[in-house]
Amino acid sequence: MSFTAILLWLLQGISVTMAVTALSALVVFPFALVFGVLEYRLRGFPRLLLTIFIDFWRSSSVIILLFFFFYVGPAFDIFLSAYAVGALVIGCNIGAYGSQALRAALESIGPGQREAGSALGLSRNRVLFLIELPQALRKVIPIAGNEIIEIVKTSANVSLIGLADVTFKAKEVMQATHQPAEIYSALLGVYIAICLPMALAIHALVRRGQRQRA
């Protein structure tokens, strides 16, 4: 089988890869925003519980979680589609890392910002959302871009629960032709073609932001 034919075969799964990426992103960014802010604001036992929840998603294997929710879930009357399981697991796993980046960015803002807001008569929550959060979000733009790339790469795992993404198509053609060099070279090329433009766009966005602040 020619390299071109293999590449065309793999590209049949590109729509699934991009769909899983988009659905996962819909989980990643709300997860990171909500739980990053909550962990920054909460104190005591509530914060401990939240930290344990976030660390569960950070410390668990994506592959094991995919298998658990897809194959074990029905035993507990939890029936989720492969797309839903992929988006949930990938989104919460990567979103947990994003929440820690946002929390750290919020904590890096000096107390003078809060004091200035209070001096203007703003409540603590208004200081958070009007002063601290906008600054923190600018700091995590590069990380947010990296997370989009990470979603694309991690989406390869959904082939394990039957979604016919690019990696699934590579396994199919491997079983039919047994041409590992050509197949996995083509697979690598597909992921580079998706992720490299994203990485370049992120660098351009970061440089533009730096020039504007300068």
Side-chain angles (χ1 to χ4, degrees), residues 1-33 36 57-58 61-63 65-66 82-83 85-102 104-105 136-174 176-177 179-214:
M1 194 172 187
S2 69
F3 184 83
T4 301
I6 291 172
L7 185 59
L8 291 174
W9 185 284
L10 298 186
L11 290 177
Q12 294 176 22
I14 196 72
S15 61
V16 175
T17 295
M18 299 314 294
V20 172
T21 298
L23 291 171
S24 299
L26 292 177
V27 178
V28 167
F29 295 110
F31 187 106
L33 179 62
W57 288 106
R58 283 204 307 160
S61 165
V62 168
I63 294 175
L65 289 173
L66 286 172
Y83 280 103
V85 169
L88 173 67
V89 169
I90 295 173
C92 291
N93 177 264
I94 297 177
Y97 288 98
S99 71
Q100 297 306 287
L102 180 59
L137 290 175
R138 284 196 295 271
K139 291 183 178 182
V140 299
I141 285 176
I143 297 172
N146 291 336
E147 287 196 340
I148 295 175
I149 297 173
E150 191 65 29
I151 293 170
V152 176
K153 295 188 295 182
T154 308
S155 69
N157 292 307
V158 299
S159 64
L160 299 172
I161 55 174
L163 285 179
D165 71 325
V166 175
T167 304
F168 185 93
K169 290 296 181 180
K171 294 176 182 177
E172 278 188 340
V173 73
M174 181 64 183
T177 65
Q179 296 175 263
E182 294 87 346
I183 293 167
Y184 291 111
S185 295
L187 183 62
L188 177 62
V190 169
Y191 278 104
I192 289 176
I194 296 172
C195 296
L196 185 58
M198 291 183 180
L200 295 175
I202 293 163
H203 288 310
L205 183 61
V206 171
R207 287 196 299 270
R208 180 181 177 183
Q210 290 173 340
R211 287 196 299 268
Q212 289 177 344
R213 288 194 293 272

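All figures in this text were calculated on a predicted structure; none of them were measured in a lab.
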What heavy-atom pair brings [X] and [Y] nearest, and what distance separates the two atoms?
X      : Y      : value
Ile143 : Ala101 : CD1-CB, 3.6 Å
Ser159 : Thr167 : OG-CG2, 3.8 Å
Ala87  : Ser24  : CA-OG, 3.5 Å
Ser99  : Phe31  : CB-O, 4.4 Å
Ala82  : Ile161 : O-CD1, 3.7 Å
Asp165 : Ser155 : OD2-O, 3.5 Å

Approximate separation, where rounding is to 0.5 Å, of [X] [atom1] and [Y] [atom2]:
X      : Y      : atom1 : atom2 : answer
Glu182 : Leu7   : CD    : CG    : 12.5 Å
Tyr184 : Ile6   : OH    : CD1   : 11.0 Å
Thr17  : Ile151 : OG1   : CD1   : 13.0 Å
Leu10  : Leu188 : CG    : CG    : 11.5 Å
Met1   : Leu8   : CE    : CG    : 8.5 Å
Ile90  : Asn93  : CD1   : CG    : 8.5 Å

- Item | Passing candidate, side chain to side chain contact (heavy atoms under 4.5 Å, CB included) with Val158, options Val20, Val89, Thr21 | Val20
Do [X] and [Y] make a side-chain contact, defined as non-hydrogen atoms from C-beta onward lying under 4.5 Å apart?
X      : Y      : answer
Lys169 : Val173 : no
Ile149 : Ile202 : yes
Glu150 : Tyr97  : no
Phe29  : Ile148 : yes
Lys171 : Leu160 : yes
Leu163 : Tyr83  : yes

- Query: Are Trp9 and Ile183 close enough, and set up right, to give a side-chain contact (heavy atoms from CB on, under 4.5 Å), and what steps lead you there?
  - Reply: CA-CA 10 Å; Trp9 185 284; Ile183 293 167; over 6 Å; no
- Hey, mind stepping through Val16 and Val166 against side-chain contact (heavy atoms from CB on, under 4.5 Å) and telling me if it holds? CA-CA 8 Å; Val16 175; Val166 175; over 6 Å; no
- Query: Hey, mind stepping through Leu65 and Leu88 against side-chain contact (heavy atoms from CB on, under 4.5 Å) and telling me if it holds?
  - Reply: CA-CA 10 Å; Leu65 289 173; Leu88 173 67; over 6 Å; no
